[in-house]
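By convention in this document, chain letters (A, B, ...) are assigned in the order of the sequence lines, proteins followed by strands, and residues within each chain are numbered from 1.
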There are 2 protein chains.
Amino acid sequence: MPRSRRSTNRVTMDDVAARARVSASSVSLFLRNPDAVSPRIAPRIKQAIEVLGYVPNLLAGSLAAARTRAIGVVVPSLGNAFFSATVAAMQKEFDRHGYQLLLGATEYEPGREADLVRTFLSWSPTALVVTGCRHDDETRTLLRSARAPVAEMWELGEQPFDLQVGFSHYKAGEAVARHMLEIGAKRVAFIGARMKSDVRAHQRCEGFSRSMLKAGIDVHIENVPGDASPKTGAHALADILRRMPDVDSIACSNDVIALGVLFEAQRRGLAVPQQLRVAGFGDLPFSEECVPPLTTVQPRATQIGLSIARELMERVEQPADEQEPRIVDSGFELVIRASTQRIEASQEP
Amino acid sequence: MPRSRRSTNRVTMDDVAARARVSASSVSLFLRNPDAVSPRIAPRIKQAIEVLGYVPNLLAGSLAAARTRAIGVVVPSLGNAFFSATVAAMQKEFDRHGYQLLLGATEYEPGREADLVRTFLSWSPTALVVTGCRHDDETRTLLRSARAPVAEMWELGEQPFDLQVGFSHYKAGEAVARHMLEIGAKRVAFIGARMKSDVRAHQRCEGFSRSMLKAGIDVHIENVPGDASPKTGAHALADILRRMPDVDSIACSNDVIALGVLFEAQRRGLAVPQQLRVAGFGDLPFSEECVPPLTTVQPRATQIGLSIARELMERVEQPADEQEPRIVDSGFELVIRASTQRIEASQEP
DNA sequence: TTGTACGCGTTATCAA
DNA sequence: TTGATAACGCGTACAA
């Protein structure tokens, strides 16, 4: 007895083929390469598709072809403007090539990365994109077993799987420290949010404070819990002023924190940069516009997304088997603005 | 001649079955309901899965079951904090239920919505989420033909497909206008970004300016091109001051624009709220913290995402066939802060 | 150029 | 409870 399923009265390729009076394989061929079928049947197929409102079943296609036009992307958080900019750029580029972006966010929770990667793998993705290059053993195993190129973004270091596009956060921290030393910083603090789980913010902090230490300056580090936000920055400044009233320079792990510092300083009548120098990280849309404009590190978030997408598309569409791992330093730029102005001798005690 | 393909040396369910010395059906059953197999073979299957590192192929599963655990989401832009907050909330909730979020952004380009929906449909998604309730004919046709619940978010109006979670932007605009009238606004302007394509910003503008008109006040509308940003706001304020030097109150379609207005006012020594009142929309993280704190409309972005996800999961998991369309007014709240303070008579000319 | 037949890795059905 | 087997809808090698 025949077991009829086919509950889904979906329009299939066979339906199109029947209506166009050709075989299903001709329809399949037409869909992938319209010029490959004879000019006589092409219009018939085209019309049948339109009349029936045929939508190809990607699932079946992917299963047959053993490859899915989907790319899994793991970011820590979408609330973070850095990552949403990168994701937006990637999505746009993937879309151009007909690839679908699968999105997952860890919210900095340990173990979530492995879960998300596992989920993505069950979709047989064409490629995987993860954030950072530090992963737990489970994630590493999963990524290694993936028969798809793996891109790591926003950070350099460790051994790359296939592609790594990012920059050294440690150096970014160093660059800010160097600048602050040049302008005569003496009493220095660093504000970072959740630096135990945000390893990149922690790296920037390390780069900054070690550089300072080499110059004989001990940095007061304020590691606040929760998301980076202006409120975080404002509270942190209040704390710092309590413990270190003569602070003259503050670096922040994120521009939104720095913005909060600027607001709090303004409320307290603390002049920036005359009495307090402030630097951030991210070069967010407000950083150029705020008062005073904020010295910061520009990480090229969009460029990272674009590079990854392009490089992956290239690898996927021209599968020169066994490609070498590739590392791309997307770099960063220290953008010096009015919030860090030279500390005049006259203003020092 | 047998055609051996099976180039993909992927670990399949059969491999697991062979190793556990059971049938593939039992493995499948175990995966969906571990308690349904006898306690004798369950551990064998479990071990085989772990040893072989088996990852189920969702594609095959979805094809067979004729349902995919994927939900397509279309937003205008990820750069917009509103939508990224909503998407983040949805993704988290979907993930909890084992559903994958497919993401697409239109970047406010006409026609992109239909393209994205079409792409999603070919994935046979469990549900679709789109932004707003105004869609071109092509999109409407596609959505109607979808055998999946369709949720529209961030806006109310039109006839809902299945679910609509949002609020009236027109009323949000009215609420701001009402407040500004109460505090004695006389010379009024509205700044919006790209209001031809951002229909919701346009609605807020309409609600605002019509309310003002009813009170006999003609609103100067500044519709700037490009994304909403602080720079946009700063430039717009400069423009407004040129054409309308005695402006006393400005409403903005977005808090980031309002932030730019505050910065520009500060640079010009224009005291807010004493000389100029400013209101925004969005209640972004900085809005409470900036100087002065910003009066704004809070749209409950996270709540919208959560409501949609929960409602969809419910519909999907308890398919009481032919559910009624449902409209949920997520509401908004006018948050009055220092940036809009009563205009004292003594300060008027 | 077009058609035939098989296989992709699962789920669902039904018999044992 | 377990296992054999037929779909699911399409890609593709190969024959016509």
Side-chain angles (χ1 to χ4, degrees), chain A residues 1-18 20-45 48-49 52 54-69 121-125 147, chain B residues 1-18 20-45 48-49 52-70 121-124 126 147:
Chain A
M1 165 173 140
R3 320 202 179 159
S4 138
R5 278 163 74 184
R6 192 78 159 81
S7 53
T8 71
N9 44 353
R10 193 192 225 285
V11 178
T12 75
M13 199 175 257
D14 278 328
D15 298 332
V16 176
R21 282 170 296 130
V22 296
S23 75
S25 52
S26 297
V27 178
S28 175
L29 188 59
F30 171 82
L31 286 174
R32 257 165 310 111
N33 184 7
D35 301 327
V37 301
S38 70
R40 264 233 308 291
I41 69 167
R44 291 220 306 267
I45 296 178
I49 289 178
L52 297 173
Y54 169 69
V55 178
N57 186 333
L58 270 187
L59 261 48
S62 305
L63 181 60
R67 72 179 205 131
T68 312
R69 296 178 83 84
L121 283 182
S122 61
W123 283 91
S124 307
R147 279 168 314 288
Chain B
M1 165 175 134
R3 320 196 182 165
S4 132
R5 281 163 69 185
R6 192 80 157 78
S7 53
T8 70
N9 44 353
R10 190 191 228 285
V11 177
T12 74
M13 198 174 259
D14 279 327
D15 298 332
V16 175
R21 282 169 298 132
V22 295
S23 73
S25 313
S26 300
V27 178
S28 175
L29 189 59
F30 171 81
L31 285 173
R32 256 163 313 113
N33 184 7
D35 302 327
V37 301
S38 69
R40 264 233 307 294
I41 68 169
R44 292 221 305 270
I45 297 178
I49 288 178
L52 297 174
Y54 169 69
V55 178
N57 186 333
L58 273 186
L59 260 49
S62 304
L63 179 61
R67 68 177 207 138
T68 312
R69 295 177 84 84
L121 283 182
S122 60
W123 283 89
S124 309
T126 304
R147 279 169 312 288

Quick note, A:Met13 side chain, CB onward, closest among D:dG11, C:dT11, D:dG9 is D:dG11
Whole-Å distance between C:dT11 P and B:Asn33 CG?
13 Å
Among the candidates C:dT10, D:dG9, D:dT12, find the nucleotide nearest to the side-chain atoms of A:Thr12.
D:dG9
Would one find a side-chain N or O of A:Arg32 under 4.0 angstrom from OP1 or OP2 of D:dC10?
no
Grab the CG-C1' distance between A:Asn57 and C:dT10 for me, whole Å please.
14 Å
Look at all strands and tell whether A:Leu58 reaches a base, only sugar-phosphate, or nothing, counting heavy atoms closer than 4.0 Å.
nothing
Expected list for residues 20-29 of chain A near DNA chain D, using heavy atoms below 4.0 Å, is A:Ser25, A:Ser28
Angle of first-five versus last-five pair axes in the helix from C:dT1-D:dA16 to C:dA16-D:dT1, to 10 degrees
30°
Protein-nucleotide distance (A:Leu31, atom CG; D:dT12, atom C1'), rounded to Å
14 Å
Under 4.0 angstrom between A:Ser38 side-chain N/O and C:dT2 OP1 or OP2
yes
Grab the CG-C1' distance between B:Leu59 and D:dG11 for me, whole Å please.
13 Å
Which pair of non-hydrogen atoms, one from A:Val16 and one from A:Ile45, has the smallest distance, and what is that distance?
CG1-O, 4.2 Å
Is there a donor-acceptor contact under 3.5 Å from the side chain of B:Thr68 to the main chain of B:Trp123?
yes
Pairs in or reaching into residues 54-64 of chain B: which pass side-chain hydrogen bond (donor to acceptor under 3.5 Å, both in side chains), with residues at least two apart or in two chains?
none
Whole-Å distance separating the CG atom of B:Asp14 from the C1' atom of D:dA4
12 Å
When every non-hydrogen atom of B:Arg21 is compared with those of B:Arg44, the smallest separation belongs to O-NH2, 3.4 Å
Compare side-chain N and O positions of A:Tyr54 against OP1 and OP2 of D:dC10 and report whether any pair is under 4.0 Å apart.
yes
Please examine the side chains of A:Leu31 and A:Ile49, heavy atoms only from C-beta on, and report whether any two atoms are closer than 4.5 Å.
yes
Nearest-0.5 Å distance that lies between atom OG in A:Ser23 and atom CG in A:Leu29:
9.0 Å
Would you mind telling me which of A:Ser26, A:Pro56, A:Ser28 makes a side chain to side chain contact (heavy atoms under 4.5 Å, CB included) with A:Met13?
A:Ser28
Between A:Trp123 (CH2) and C:dC8 (C1'), how many Å, whole number?
16 Å
Rounding to a whole Å, what distance do you find between B:Arg44:CZ and D:dT1:P?
16 Å
Closest heavy-atom pair, B:Leu63 versus A:Ala60, reported as atoms and distance to 0.1 Å, is CD1-CB, 3.7 Å
Can you tell me how far P of D:dC8 sits from CG of A:Leu63, to the nearest Å?
14 Å
Nearest 0.5 Å, what's the CG-CG distance between B:Leu58 and A:Leu121?
10.5 Å
